[in-house]
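These values consider heavy atoms only, across backbone and side chains, with no hydrogens, waters or symmetry-generated copies.
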Amino acid sequence: MRLSIFAPLLLLSACGERDPEAEQQAIKAEQTAVARASDDGIDCALAGAEGFERACIVERGEGGALTIRHPDGGFRRLLITDDGRGVVAADGAAEARVEIIAGKVIEVAIGDDRYRLPATIKSGQPSAP
C-alpha cells in the first residue's frame, strides 16, 4: 500500500463512540495539520521542548520512508507501516511511539523529539500502540 504525507499519511485504527464536539475538534486539528504539512513543514518539539514549532521538514522517500529534518541539521527516519502501528523508526536504537492526539493527527515521539503528523484513522485496522 503506497501512502503519502499529504493525502493521507497513515492508516491507523480507532474505535469507540463518536462525540460530536470531539469530532469537530478532530476535523479542525486535521485541517490545521494538513495545511501546515502542505509545504512539507510540520510541527515538532525537539530535545525535550515543551511547545511545538513548525520547524521541521518532511521528505518522502520510496517504500513508505520519511525523513524528518530538524533546523539544526539533525534528522529522524521513519517507515510507514500497514500493520496498524502507523510508523516505526527506520534506524537507530530508539523506538517510535505513536499516539493519536486529536482525531486525525498523530504524535510520534522518538527519544526526546516529538512530531505531529496528519493521519487517516480507519476502522478495521489493528490498533496503534
- Query: Do the non-hydrogen side-chain atoms of Val87 and Thr81 ever get within less than 4.5 Å of each other?
  - Reply: no

- What heavy-atom pair brings Arg114 and Glu50 nearest, and what distance separates the two atoms? NH2-O, 3.1 Å

- Item | side chain to side chain contact (heavy atoms under 4.5 Å, CB included) partners of Phe75, counting only residues at least two apart | Thr67, Arg69, Arg77

- Task: Using the rule that two of Ile, Leu, Val, Met, Phe, Trp, Tyr join whenever any of their side-chain heavy atoms come within less than 4.5 Å, decide whether Leu79 and Leu66 are in one cluster.
- Result: no

- Glu53 meets the side chain to side chain donor-acceptor pair (under 3.5 Å) criterion, sequence neighbours left out, with none

- Non-hydrogen side-chain atoms of Ile68 and Ile57 separated by less than 4.5 Å: no

- Would you call Tyr115 and Leu46 a side-chain contact if the rule is heavy atoms closer than 4.5 Å? yes

- Query: Hey, is CD on Glu95 packed in by over 12 heavy atoms from elsewhere, all under 6.0 Å?
  - Reply: no

- Indicate the atoms forming the closest heavy-atom contact of Gly111 with Arg97, along with that distance. O-NH2, 3.5 Å

- Message: List the residues meeting side chain to side chain contact (heavy atoms under 4.5 Å, CB included) with Glu21, not counting sequence neighbours, and say none if there are none.
- Response: Asp19, Gln25

- Cluster question for you: counting only ILVMFWY and a side-chain heavy-atom cut-off of under 4.5 Å, with indirect links fine, are Ile100 and Phe52 together? no

- Any donor and acceptor pair, going by atom type alone, linking the side chain of Asp113 with main-chain N or O of Ala47 inside 3.5 Å? yes

- Task: Under the side chain to side chain contact (heavy atoms under 4.5 Å, CB included) rule, collect the residues that match up with Ile101, sequence neighbours excluded.
- Result: Glu99, Val105, Glu107, Arg116

- Message: Under the disulfide bond (SG atoms under 2.5 Å apart) definition, can you give me all pairs with a residue in residues 43-89, not counting sequence neighbours?
- Response: Cys44-Cys56

- Note on the structure: Separation between CZ (Arg60) and CD1 (Ile80), nearest 0.5 Å, reads 9.0 Å

- side chain to side chain contact (heavy atoms under 4.5 Å, CB included) against Ala49, all qualifying residues, sequence neighbours excluded: Ala45

- For Leu78 against Ala89, the heavy-atom pair lying closest together: CD2-CA, 4.2 Å

